[in-house]
> 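My questions will all concern the structure given below.
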Protein chains: 2
Amino acid sequence: MSEAQFRNWQAIQAEVLRRIHARNWPPGHTIPNEVDLAQEFGCARATVNRALQSLADAGLLERRRKAGTRVALHPVGKATVTIPVIRQEIEDRGMTYAYRLITRDIATSPAPLGATGPGLHVTAVHHANDSPYVIEDRWINLTTVPDAAEQPFDQISANEWLVTTAPYTNGDISFAAEPATAQEAQLLNTAEGTPVFVIDRITWDHDQTITTVRLTYAPGYRIHTGIGTGAIAS
Amino acid sequence: MSEAQFRNWQAIQAEVLRRIHARNWPPGHTIPNEVDLAQEFGCARATVNRALQSLADAGLLERRRKAGTRVALHPVGKATVTIPVIRQEIEDRGMTYAYRLITRDIATSPAPLGATGPGLHVTAVHHANDSPYVIEDRWINLTTVPDAAEQPFDQISANEWLVTTAPYTNGDISFAAEPATAQEAQLLNTAEGTPVFVIDRITWDHDQTITTVRLTYAPGYRIHTGIGTGAIAS
DNA sequence: TAGTGGTCTAGACCACCTG
DNA sequence: AGGTGGTCTAGACCACTAG
């Protein structure tokens, strides 16, 4: 009791986790406030705050001013998916990267890009070990990224050019399974209707649309990542 | 300048972001250390630390002791995918939830569960508005979760029972697009070979396997989430 | 309105790492 | 060896919100 056993926020976090797992603090239970915990753990309140905030970020605790800190009823799992540059993703897997531009046109942007100004439409295929890896079907808003109009995108992909040129503040991303269209199947060297993994992404700089992209991966592609309290960052 | 314009860590974070976007601090650039920034912003170093750590978590900065803080060369995007309980996911979309147990057997666990002890194999279908929504094909490790053997899982799904009973510390998760097998197609009321979104998940309590599950979603399912510096938490 | 978490401060010590 | 980020402290004030 009131022993100064827990000197750093990670130790405190581990102890809190232990009590949750041991059902000392069951789901829905309101745990002691930060002042009391700080006294029990023999540390400053700021240290307790950091430990609890980290657990709240992980979804295991729900915190509200005045109401206190409760153990989440349904500990929502959270998986952080990293979205690397395609060339890096391929090279990190030890495969040889190649890039092939398919089409490049300037036309009126489709609805998602704001429906107003002109857009640059680029389609390309990224290869890994000479096999098609992913199709990049992209619209770039030429109103917000006018420099894109001068880029040929025949050597450097729009994917790679944009990350070092057009920073974004927000984005939406979605994952789905879809049947390959005839054109996609041809580019990916597979059969029409084959299940393919599709990522749709749109990014903004504040409220200005920058680009929308559909990435259609060759069959067999998987996204893999870790979850859980062991992966807590910050 | 040394003006005390930035009083809280979020304002500092915004200012740092502005300088990165404005190319004042281009990719690869080493930014001033925390002491200098604190003086410039007219605040305590801890406040600068919080702002920079938040940006480092978001992948925009790379920090190392002694080396300092650099702007990331390839600002890796990170999307946080939440993994809710299936019943909640359906009800949150305003649809009616229903659950149907298909099979329940005790047998020797397959390889992923440790290959040693007995396992409980449960397959079930979750419905939304009376349409099949997702197939849950699960193995539960009866060595680590013996209580599962006494659960019928005919009313409450294993998915829901486990989150409030068997906490995990770590997990792996992967997403893929696959063709529906004959059995999956039948349960999902679709055609064999139809592209379906599949989630494979395995969870451990430290190094003890708890459960593996394959979730096969009905055609049309999408995972959707946001990305970017606007979604920074903590 | 009072209790709780959110944050800031000024200072200090430490762990890590580069040069 | 020395500079940098990582963290802790003790105290303070503020913002939010439940009762």
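Below, chains carry the letters A, B, ... as their sequence lines are ordered, and counting in each starts from 1.
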> Measure from CG on Leu55(B) to C1' on dG5(D) and round the result to the nearest Å.
15 Å
> Between P on dG19(C) and CZ on Arg65(B), what's the gap in Å once rounded to a whole number?
17 Å
> Between Tyr221(A) and Ile223(A), what is the shortest heavy-atom contact and its length?
CE2-CG1, 3.7 Å
> Could you give the CG-to-P distance, from Asn33(B) to dG6(D), as a whole number of Å?
12 Å
> Check the distance between dG6(D)'s P and Glu62(B)'s CD and give it to me in whole angstrom.
13 Å
> When rounded to the nearest 0.5 angstrom, what distance separates CH2 in Trp25(A) from CD1 in Ile20(A)?
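Nearest 0.5 Å value for the CH2-CD1 distance: 7.5 Å.
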> Here's a test of your reading of the structure: between Thr47(A) and Lys66(A), which maps to the more 5' nucleotide of DNA chain D?
Thr47(A)
> Whole angstrom is fine here: how far is it from CH2 in Trp9(B) over to P in dG6(C)?
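Trp9(B) atom CH2 is separated from dG6(C) atom P by 11 Å.
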> Counting Watson-Crick and G-U wobble pairs only, both distances under 3.5 Å, name the nucleotide matched with dG19(D), or none.
none
> Taking CD from Gln53(A) and P from dC8(C), how many angstroms apart are they, rounded to a whole number?
11 Å
> Give the rounded distance in Å between these two atoms: CD of Gln10(B) and P of dC14(D).
17 Å
> Taking only side-chain N and O atoms of Asn49(A), does any of them lie within less than 4.0 angstrom of OP1 or OP2 on dG6(C)?
yes
> Would you kindly compare Ala46(B) and Leu52(A) by the position of their nearest DNA chain C nucleotide and give the one closer to the 5′ end?
Leu52(A)
> Is the distance from OP1 or OP2 of dG6(D) to the nearest side-chain N or O of Arg63(B) less than 4.0 Å?
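So the side-chain polar atoms of Arg63(B) do come within 4.0 Å of the phosphate oxygens OP1 or OP2 of dG6(D), strictly under.
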> Supply the atom-to-atom distance Glu136(A) CD to Asn159(A) CG, rounded to the nearest 0.5 angstrom.
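Glu136(A) atom CD to Asn159(A) atom CG measures 5.0 Å (nearest 0.5 Å).
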> Which residue, Cys43(A) or Ala67(A), contacts DNA chain D at a nucleotide closer to its 5' end, judged by nearest heavy atom?
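By nearest-heavy-atom nucleotide position, the 5'-most residue is Cys43(A).
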> Provide the closest heavy-atom pair for Ala177(B) versus Ala177(A) in the form atom of the first, atom of the second, distance.
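Heavy atoms of Ala177(B) and Ala177(A) come nearest at CB-CB, 3.5 Å.
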> side-chain hydrogen bond (donor to acceptor under 3.5 Å, both in side chains) between Thr211(A) and Arg138(A): does it pass, once the steps are laid out?
CA-CA 7 Å; Thr211(A) 183; Arg138(A) 182 183 296 272; 3.1 Å; yes
> In whole Å, I'd like the distance from the CD atom of Glu34(A) to the P atom of dA12(D).
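To the nearest whole Å, that distance equals 17 Å.
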> Quick one: does Arg45(B) reach the base of dT7(D) with a side-chain donor-acceptor pair under 3.5 Å?
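Result: at least one qualifying N/O pair found.
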> Would you indicate, yes or no, if dG5(D) has its OP1 or OP2 atom less than 4.0 angstrom from a side-chain nitrogen or oxygen of Thr69(B)?
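Answer yes for this pair, as a side-chain N or O of Thr69(B) is under 4.0 Å from OP1 or OP2.
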> Would the base of dG6(C) count as contacting Arg50(A) through its side chain, where contact means a donor and an acceptor less than 3.5 Å apart?
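Between dG6(C) and Arg50(A), which were checked side chain against base, a qualifying N/O pair under 3.5 Å is absent.
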